[in-house]
Each structure stands twice: as structure tokens, then as C-alpha cells.
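Working notes, structure below.
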Amino acid sequence: MNFLEERILKDGIVKPGNVLKVDSFLNHQMDIGLMEEIGREFHRRFSDKQVTKVLTIEASGIGIACFVAREFGVPMVFAKKSKSINIEGDVYVAEVESFTHKNRNQVVVSKKFLSPEDHVLIIDDFLANGCALQGLISIVESAGATVEGLGIVIEKGFQMGGRVIRNLGYHLESLAIVDAMDPETESITFREQPVG
Ligand code: 5GP
């Protein structure tokens, strides 16, 4: 079991509706020592890639992506949720359906911060149905930039996102993959992953 799986078993809370709460250490209160370890682990897993930018989506990806960008020594850019319907032409736009809030948001990245020369590592906290990642991939592609890989802290392997993204041929690394979880028994089962 890796450092993250151990922490999820210790402090994660399984909620009804396929939601795993990790807000005591990952996406509300953040354990900075753990964030550093997550940053180092993504850097190790993508060390063969020429990353020029780390891209995530607000809000909960931002903290994690900062630590990853720090390891690579590159800027971190986050897609902003935009309420404005009349989006001007100086941004890349994607439509993303929120798994946790069940609403649709347009997310935008300024054209100033992504260009065809960029090699992008996409980072997020969770992967469920893959909507957030697909939105971020489409923003990178609109910019004519290259997706070098995608790094997820917790993938819920019983939802379809991971399969869809891997079938599209992208290099996806998830630090923990939850294959099953039960709110009644509080049990969490992780997928066995090769130790690097
Ligand atoms: P997807 O777009 O893959 O369906 O969902 C991913 C997004 O939804 C992530 O950015 C994350 O913020 C949120 N999310 C999905 N599942 C969970 C979950 O079980 N727990 C928490 N805390 N967030 C989740």
C-alpha cells in the first residue's frame, strides 16, 4: 500500500452517492507534507516528459498542481469557472459537468498562457466520469499544445473516466485507484498497481 492509500484508509470518509470525502487532508484542509510527497511522486512518474506547464481546474486541483509545478520548475495554470455567457475571443473555453455539484460550467484559460509550443501535464484531485479531464484536454488541444500526460490523485476505478481517458491513448497516472467503496461498512478497496 502506498503513502496515499494509507492516508485515505485512515482519514477518508465514504459518503453515499459514490463520493469519497478527503477534506481533512486534500481538498479543504491540506496536509502540506503530503502535498510535497504527491508533487515528488508525479514528478517521478512523468520524469521522461518535457513538461513546460502544469494545468488544472479550480478549485480543488490548484493546491496539488502547485506542488507538481514546483517539482518541474514550470508555471501552473488553472482553468477558471466562468459565469459569463459572452466569453470574449481571448480565451480557450470548454464545457465541464461537475460530478459533485451536478451542474455545468464553462471553464476558460487565457490564450496568453497556453501556446502551441507548450507540453502540458494535466493534474486533478479526483477522476470520476472524466468530464473535468476531457474539458482540460480539449483546452490544450484548442491551443495546439501537446498533452504530455495526466496525473490524478484519486481515481474512482468503478466509474468510467479512467477507462475512457486510457482508451483515448493518453498516459494517465493515478496515485490511488479505488475499485470499490461502501458507505455502510466504511470499506475501501484499492486496485493493485505496480510499484515504480
Ligand atoms: P469527473 O469530471 O471525472 O466526473 O469528476 C472529477 C471532478 O469532480 C474532480 O475535479 C473533483 O473535484 C470532483 N469529484 C469527483 N468525485 C469526487 C469524490 O468522490 N470526492 C470529491 N471530494 N470530489 C470528487
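In this chain, numbering begins with 1 at the start of the sequence shown. We count ligands from 1, going down the list as the structure has it; atoms in each ligand are counted the same way.
A salt bridge is defined here as a Lys NZ or Arg NE, NH1 or NH2 lying under 4.0 Å from an Asp or Glu carboxylate O, and E155 with R166 meets this definition.
Within 6.0 Å of NZ on K102 lie more than 12 heavy atoms contributed by other residues, nucleotides or ligands. Enclosure of atom CZ in R40 by more than 12 non-hydrogen atoms of other residues, nucleotides or ligands within 6.0 angstrom is indicated. Remark: R45 CZ is packed, more than 12 non-hydrogen atoms of other residues, nucleotides or ligands lying under 6.0 Å away.
Applying the side chain to side chain contact (heavy atoms under 4.5 Å, CB included) test between M1 and each of R7, E6, E192 identifies E6 as the sole match. The only member of D124, D125, D23, T100 that meets side-chain hydrogen bond (donor to acceptor under 3.5 Å, both in side chains) when paired with S60 is D125. Partner I64 forms a side chain to side chain contact (heavy atoms under 4.5 Å, CB included) with one of N27, T56, L34, I38 and no other, that one being I38.
The closest side-chain heavy-atom distance from L168 to Q134 is below 4.5 Å.
Less than 4.0 angstrom separates some heavy atom of A132 from each of these atoms of ligand 1: 2 (O). The distance from ligand 1 to the heavy atoms of N27 drops below 4.0 Å at these ligand atoms: 22 (N). Below 4.0 Å from some heavy atom of T100 lie the following atoms of ligand 1, by number and element: 13 (C), 14 (N), 23 (N), 24 (C). Per-residue contacts place D124 under 4.0 angstrom from the following atoms of ligand 1 (heavy atoms of the residue considered): 9 (C), 10 (O). Less than 4.0 angstrom separates some heavy atom of N18 from each of these atoms of ligand 1: 19 (O). Less than 4.0 angstrom separates some heavy atom of S60 from each of these atoms of ligand 1: 12 (O).
At least one heavy atom of G130 lies less than 4.0 angstrom from ligand 1. Between Q134 and ligand 1 there is no heavy-atom distance shorter than 4.0 Å.
Although no hydrogens or angles enter the test, the distance criterion places no donor-acceptor pair under 3.5 Å between the side chain of E173 and the main chain of F42.
Looking at atom 4 (O) of ligand 1, its nearest protein heavy atom turns out to be N129 N, 2.8 Å. What sits closest to atom 5 (O) of ligand 1 on the protein, heavy atoms only, is F99 CB, 3.5 Å.
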Kindly determine whether F99 and V19 satisfy side-chain contact (heavy atoms from CB on, under 4.5 Å), including the steps that lead there.
-> CA-CA 9 Å; F99 176 82; V19 172; 4.0 Å; yes

How far apart are the C-alpha atoms of Q50 and H119, what are their side-chain angles, what is the distance that settles it, and do they pass the side chain to side chain donor-acceptor pair (under 3.5 Å) test?
-> CA-CA 7 Å; Q50 290 303 318; H119 291 256; over 6 Å; no

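Scanning D125, L127, V178 for the heavy atom closest to atom 11 (C) of ligand 1 points to D125. Residue L20 holds the heavy atom nearest to atom 22 (N) of ligand 1 of all those in L20, V19, I57, I165. Taking each of M160, E58, M181, K156 in turn, the one with a heavy atom nearest to atom 16 (N) of ligand 1 proves to be K156.
Residue contacts with ligand 1: F126 is placed with no nitrogen or oxygen under 3.5 Å of a nitrogen or oxygen of the ligand (distance criterion only). Residue E97 has no nitrogen or oxygen atom sitting less than 3.5 Å from a nitrogen or oxygen atom of ligand 1, judged on distance alone. When only interatomic distances are considered, the shortest N/O to N/O separation between K21 and ligand 1 does not fall below 3.5 Å.
Residue contacts with ligand 1, taken as heavy atom pairs separated by less than 4.0 Å, involve A128 via backbone and side-chain atoms alike.
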